[in-house]
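To start, the structure under review is shown below, and the notes come after it.
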Amino acid sequence: MGTSFFAVQPLRALYETEDVILVVTPPDRRSGRGLTLMASPVREEAHRHGIHSIQPEKIGDPEAVLALSKASCDLIVVTAYGQILPPEVLEIPPLGCINIHASLLPKYRGASPITAAIVRGEKVTGVTTMMMDQGMDTGDILMQMSIEIQDSETAEELSERLSVLGSRSILKTLKSLKEGKLERAPQSEADATYTPLLTKKHGEINWDQGPVQIRNHVRGMNPWPGAYTLFQGKSLKIWRVTPHEENDGPGRVLHAKERLIVAVKDGSVIIDELQLPGKKRVSGTEFLRGHHEIREGMILGR
C-alpha cells in the first residue's frame with residue numbers, strides 16, 4: 001500500500017525479492033493546469049511490473065476489505081499511503097501489517113516527518129519499520145536505520161535517499177521475520193512528537209526567524225508546499241537561500257543589484273533562486289534584471 005514516489009523504491013525492492021500479489025493505491029487524480037487524470041507513482045510502478053492493483057477511495061470500504069481478504073496475502077507492507085488502516089484491514093494478513101516510516105520513531109510521527117526534520121534543524125534522521133496498530137505511527141518498532149542530513153539538502157532530495165534506505169530496511173525486516181529473529185520494541189509515548197499534513201500556508205516565510213532557520217524552512221518546504229513570501233500582493237516562491245550576516249530589520253531588502261539580500265532576525269539571507277506565479281524559476285540575479293521595482297529598503301512579506 002502506497003502512493004507517492006517515496007513508496008516506489010520499496011515496491012520495486014519487494015517485487016524483486018518477494019511475491020507481491022496486490023498493490024493498493026488511491027484513485028487517479030486530476031492534476032496540472034489541464035487537470036489531466038494522473039495515476040499515483042505507485043500505481044504506475046505496479047503497472048510496469050504487471051502487478052494487479054486496486055484503488056479504493058477509503059481503505060475501509062467493504063469492497064476494499066473484501067478484495068484484500070480474497071487476495072490471501074501473508075503480510076501487508078505500507079509506506080506513504082496516506083490513510084490509517086482500520087481494524088478490519090489490520091486483522092486480514094496473518095503476519096500483520098508493517099509500515100515503513102520516514103523518521104526515527106517515536107520522533108516525527110504523522111504526515112510530514114521529512115519536512116519536519118529539516119525545518120527543525122536535525123542533523124540525523126532515518127527510517128523505521130514498525131508493526132502497525134490502530135494509532136498514527138504508534139506501533140512497535142521492528143528496525144531502524146539512520147543517515148545524516150546534508151546542510152543544503154532539500155526535502156525532495158532527502159526523501160529520495162530515505163526511500164532507498166526504506167527499501168533496505170524492509171528487506172532486512174522481512175529477512176529477520178522469516179528467520180524468526182524479529183524483535184518488537186514498544187515506542188516511548190513520552191518522547192513522541194507529531195507532524196501535520198502540510199498545506200500551502202505552512203510554506204510562508206517568517207522573516208522574524210534567523211538566517212539558518214529560514215534556510216531550513218526553504219529546504220524543508222521544497223518541493224511541497226514551497227516556501228514563499230508576498231511581493232506586490234503576489235506569492236513569490238523562494239527555492240534556495242544562503243545565510244548572510246548583514247542585518248537591518250526583518251524582511252527589508254538590503255541589496256537589489258547584483259544579489260538580492262533580505263534582512264532577517266540577527267542576520268540576512270541571499271535569495272539564490274525564486275519564482276513568481278506563472279513564471280519560470282530563476283536565480284536572484286536574473287530576477288533583479290527583470291524586476292527593477294525591487295528597491296533597497298522595501299519590505300517583503302506584505
Side-chain angles (χ1 to χ4, degrees), residues 4-6 80 102-104 107-126 147-162 193-256 259-277 279 281-285 287-288 294 298-302:
S4 69
F5 283 105
F6 183 85
S103 81
L104 299 175
K107 206 167 189 179
Y108 303 138
R109 294 172 177 173
S112 53
I114 298 174
T115 292
I118 293 177
V119 169
R120 298 176 191 178
E122 298 287 357
K123 299 299 182 183
V124 175
T125 188
I147 56 174
E148 292 185 2
I149 302 175
Q150 305 302 314
D151 285 344
S152 61
E153 199 165 27
T154 66
E156 183 175 39
E157 292 163 345
L158 180 57
S159 178
E160 291 173 1
R161 292 205 296 137
L162 287 174
T193 58
Y194 286 86
T195 63
L197 181 65
L198 294 174
T199 66
K200 288 186 178 181
K201 186 65 178 175
H202 283 103
E204 186 171 9
I205 295 172
N206 176 7
W207 296 111
D208 285 321
Q209 293 184 318
V212 173
Q213 289 174 296
I214 289 178
R215 181 196 63 179
N216 291 345
H217 177 85
V218 171
R219 292 165 52 218
M221 297 295 161
N222 182 347
W224 170 258
Y228 72 93
T229 189
L230 294 180
F231 168 63
Q232 296 184 336
K234 296 180 180 179
S235 176
L236 180 63
K237 188 169 284 188
I238 308 295
W239 286 102
R240 189 162 54 90
V241 304
T242 300
H244 195 60
E245 293 181 356
E246 195 173 353
N247 190 18
D248 187 28
R252 186 178 301 277
V253 175
L254 300 178
H255 296 277
R259 294 187 299 176
L260 178 56
I261 302 179
V262 180
V264 301
K265 181 182 178 182
D266 301 326
S268 56
V269 292
I270 302 169
I271 310 296
D272 297 310
E273 279 187 284
L274 65 170
Q275 182 180 15
L276 277 170
K279 304 294 183 180
R281 181 172 165 175
V282 296
S283 69
T285 302
F287 184 83
L288 289 172
I294 292 190
M298 70 184 304
I299 306 295
L300 296 182
R302 296 177 179 175

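One-based numbering along the sequence shown.
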Next item on the list: Please round to the nearest 0.5 Å and tell me the distance separating atom OG1 of Thr229 and atom CD1 of Ile271.
Entry: 8.5 Å

Item checked: Polar side-chain atom of Thr193 near backbone of Tyr108 as donor-acceptor pair, under 3.5 Å -> yes

Next item on the list: Check whether any side-chain heavy atom of Ile294 lies under 4.5 Å from a side-chain heavy atom of Leu300, and answer yes or no.
Entry: no

Margin query: I'd like to know if the side chain of Ser112 reaches the main chain of Ala116, judged simply by a donor and an acceptor atom lying under 3.5 Å from each other, with no hydrogens or angles considered.
Written below: no

Next item on the list: Could you go through the side-chain contact (heavy atoms from CB on, under 4.5 Å) check for Trp239 and Thr154 one step at a time?
Entry: CA-CA 10 Å; Trp239 286 102; Thr154 66; over 6 Å; no

Notebook entry, point to check: Could you walk me through whether Ile299 and Trp207 pass the side-chain contact (heavy atoms from CB on, under 4.5 Å) check?
Noted result: CA-CA 10 Å; Ile299 306 295; Trp207 296 111; over 6 Å; no

Item checked: Distance, nearest 0.5 Å, that separates CG of Leu198 from OG1 of Thr115 -> 5.0 Å

Next item on the list: Compare every heavy atom of Leu197 with every heavy atom of His202, then report the nearest pair and how far apart it is.
Entry: CE1-O, 3.8 Å

Item checked: Nearest heavy-atom neighbours spanning Thr199 and Pro225 -> O-CG, 3.2 Å

Notebook entry, point to check: Can you tell if the side chain of Phe231 reaches within under 4.5 Å of the side chain of Leu274, non-hydrogen atoms only?
Noted result: no

Margin query: With rounding to the nearest 0.5 angstrom, report the OG1 to CG distance, Thr125 to Leu162.
Written below: 5.5 Å

Notebook entry, point to check: Rounded to the nearest 0.5 Å, how far apart are CD1 of Ile149 and CD1 of Ile114?
Noted result: 9.5 Å

Check: Out of curiosity, Arg252 CZ to Asn247 CG, how far, rounded to the nearest 0.5 Å?
Finding: 10.5 Å

Do any side-chain atoms of residues 210-219 form donor-acceptor pairs under 3.5 angstrom with protein atoms, and if so which ones, sequence neighbours left out?
unit_1, atom_1, unit_2, atom_2, d
Gln213, OE1, Gly210, N, 2.9
Asn216, OD1, Arg219, NH1, 2.7
Asn216, ND2, Val212, O, 3.4
His217, NE2, Gly203, O, 2.9
His217, NE2, Glu204, O, 3.4
Arg219, NE, Asp151, O, 3.1
Arg219, NE, Glu153, O, 2.7
Arg219, NH1, Asp151, O, 3.2
Arg219, NH2, Gln150, O, 2.9
Arg219, NH2, Glu153, O, 3.1

Check: So with a 6.0 Å cut-off around CD of Glu246, is the heavy-atom count from everything else above 12?
Finding: yes

Check: Taking only residues at least two apart or on different chains, which pairs with a member in residues 260-273 satisfy side chain to side chain donor-acceptor pair (under 3.5 Å)?
Finding: Arg240-Glu273, Thr242-Asp272, Glu273-Arg281

Next item on the list: Dump the intermediate steps for side-chain contact (heavy atoms from CB on, under 4.5 Å) on Trp224 and Lys200, then the final yes or no.
Entry: CA-CA 8 Å; Trp224 170 258; Lys200 288 186 178 181; 3.6 Å; yes

Item checked: With Leu260, the side-chain contact (heavy atoms from CB on, under 4.5 Å) member among Val253, Leu254, Ile270, Val269 -> Val253

Notebook entry, point to check: Would you find more than 12 non-hydrogen atoms of other residues, nucleotides or ligands less than 6.0 Å from Tyr194 atom OH?
Noted result: yes

Item checked: Rounded distance [0.5 Å steps], NZ in Lys279 versus CG in Leu236 -> 13.0 Å

Margin query: What I'd like to find out is whether the side chain of Arg259 reaches to under 4.5 Å of the side chain of His244, using heavy atoms alone.
Written below: yes

Margin query: Is any side-chain heavy atom of Val119 closer than 4.5 Å to one of Met221?
Written below: yes

Margin query: Checking the side chain of Ser103 only, and the main-chain atoms of Pro113 only, is there a donor and an acceptor separated by less than 3.5 Å?
Written below: no

Note to self: Show the nearest heavy-atom pair for residues Pro196 and Ala111, with the distance to one decimal.
What the structure shows: O-CB, 3.7 Å

Next item on the list: For Thr195 and Arg109, indicate whether the former's side chain and the latter's backbone hold a donor-acceptor pair under 3.5 Å.
Entry: yes

